[in-house]
Amino acid sequence: MQDKFIYLTLLFIAFNFTIFLKTQDNTLNHISANEYATKITYNSLYEKLADPDLPYNVLLSALCVHQRLLKEGLLVNRNILTIIDFSKPSSRERLFVIDLNKERIIFKTLVAHGKNSGENYATHFSNDPLSHQSSLGFYITETTYMGRHGYSLRLDGIEGGINDNARKRAIVMHAADYVSKEFIASNGRLGRSFGCPALPPDHAHQIIDTIKGKSLLFIYARDEFYCKNSPLLSSFSSIL
């Protein structure tokens with residue numbers, strides 16, 4: 001009964017008011033009440049996931065884009081959201097597969113970045129063929145196939161000029177022996193790919209099967225160019 005009352009109250013606000021929220025820098029962030037209600041829902045999900053390694057703003061951005069792509073009919077595997085946080089070193093688990101229906105993280109694991117993106121940290125990114133760098137941004141997962149790296153998952157980059165050369169570059173998700181705790185123990189970091197988000201062999205097949213078939217993947221890093229030029233991120237700047 002209490003939850004129903006809260007929902008009706010938020011619905012009433014959405015039809016009658018615009019909400020002004022004060023941000024940490026003491027400026028007023030002008031957002032609609034409907035956006036505010038959505039943000040409350042996203043906050044609740046973040047609390048349920050309960051993983052401090054998953055950055056709040058990164059999850060919020062991914063959820064906003066996920067909702068937009070759902071409305072556009074671009075997602076089929078709609079309950080799965082994958083986030084790779086390249087602001088973390090490769091020696092830490094930085095890939096999160098989230099089941100939005102069950103509201104829990106179902107995979108959290110290591111993932112490699114491109115060899116020319118950096119050593120332990122990925123700091124350089126490119127959309128250019130033969131760059132051997134990772135590309136940031138939003139992807140839609142596609143079909144699987146057996147390739148030179150075994151069972152692999154095709155990825156379609158959906159941000160023009162940022163990652164839309166993914167197919168041309170053969171940027172896919174696959175297993176790699178250099179993605180392991182043993183490699184980290186010997187080298188202080190993971191091995192690196194030619195730009196693919198490579199996975200630990202023990203978990204790769206299961207992760208690929210979970211996220212394949214048009215789910216959303218978000219590869220993030222604290223990169224000024226990407227944050228300023230991503231059309232998808234800028235669309236939701238009012239509530240981030």
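Computed over heavy atoms, backbone and side chain alike; hydrogens, waters and symmetry mates excluded.
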With a cut-off of 6.0 Å (strictly less than), are more than 12 heavy atoms of other residues, nucleotides or ligands near [atom1] of [X]?
| X | atom1 | result |
| --- | --- | --- |
| R222 | CZ | no |
| H149 | NE2 | yes |
| D177 | CG | no |
| K115 | NZ | no |
| Q206 | CD | no |
| R78 | CZ | no |
| E72 | CD | yes |

Backbone of [Y] reached by a side-chain donor or acceptor of [X] within 3.5 Å:
| X | Y | value |
| --- | --- | --- |
| Y46 | L54 | yes |
| Q133 | G114 | no |
| R104 | D99 | no |
| N187 | R189 | no |
| K108 | D53 | no |
| S152 | G150 | yes |
| S117 | S134 | yes |

The residue among P200, P89, S90 that forms side-chain contact (heavy atoms from CB on, under 4.5 Å) with L190 is S90
Would you name the heavy atoms of [X] and [Y] that are closest together and state the gap between them?
| X | Y | value |
| --- | --- | --- |
| G191 | A112 | O-CB, 3.5 Å |
| I208 | H174 | CD1-CA, 4.4 Å |
| A170 | C196 | O-SG, 3.5 Å |
| F138 | A62 | CE2-CA, 3.9 Å |
| A198 | A176 | CB-CB, 3.9 Å |
| R154 | V172 | CA-CG1, 4.1 Å |

Grouping I, L, V, M, F, W and Y whenever their side-chain heavy atoms are under 4.5 Å apart, do [X] and [Y] come out in a common cluster?
| X | Y | value |
| --- | --- | --- |
| L63 | L49 | yes |
| Y145 | M173 | no |
| I83 | L45 | yes |
| F107 | L100 | yes |
| I140 | L233 | yes |

To the closest 0.5 Å, what do you measure between [atom1] ([X]) and [atom2] ([Y])?
| X | Y | atom1 | atom2 | value |
| --- | --- | --- | --- | --- |
| D128 | R169 | CG | CZ | 7.5 Å |
| R92 | D85 | CZ | CG | 8.5 Å |
| L95 | I105 | CG | CD1 | 10.5 Å |
| I184 | S91 | CD1 | OG | 5.5 Å |
| T144 | I211 | OG1 | CD1 | 11.0 Å |
| Y220 | R94 | OH | CZ | 13.5 Å |

Q. Hey, are N127 and D164 close enough side-chain-wise for a donor-acceptor pair under 3.5 Å?
A. yes
Taking it one step at a time, do S230 and I162 satisfy side chain to side chain contact (heavy atoms under 4.5 Å, CB included)? CA-CA 8 Å; S230 166; I162 293 172; 4.3 Å; yes
For the residue pair Y151 and H205, categorise the inter-ring angle as parallel (less than 30°), tilted (30 to 60°) or perpendicular (more than 60°).
parallel
What class does the angle between the rings of F218 and Y226 fall in, given that below 30° is parallel, 30 to 60° is tilted and above 60° is perpendicular?
-> tilted
Do [X] and [Y] come close enough that some side-chain heavy atom pair is under 4.5 Å?
| X | Y | value |
| --- | --- | --- |
| S135 | F125 | no |
| E119 | R192 | yes |
| L59 | Y42 | no |
| N77 | T141 | no |
| P55 | L60 | no |
| L232 | I158 | yes |
| N43 | Y56 | yes |
| I171 | N163 | no |

Using the side chain to side chain contact (heavy atoms under 4.5 Å, CB included) rule, take S44 and K48 through it: C-alpha gap first, then chi angles, then the decisive distance, then the call. CA-CA 6 Å; S44 174; K48 290 177 180 177; 3.8 Å; yes
**Item:** side chain to side chain contact (heavy atoms under 4.5 Å, CB included) assessment of K181 paired with L110
**Value:** CA-CA 9 Å; K181 292 180 180 179; L110 300 167; 4.3 Å; yes
### Query
So does K212 pair up with E142, basic N to acidic O under 4.0 Å?
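The answer is no: the pair does not qualify as a salt bridge.
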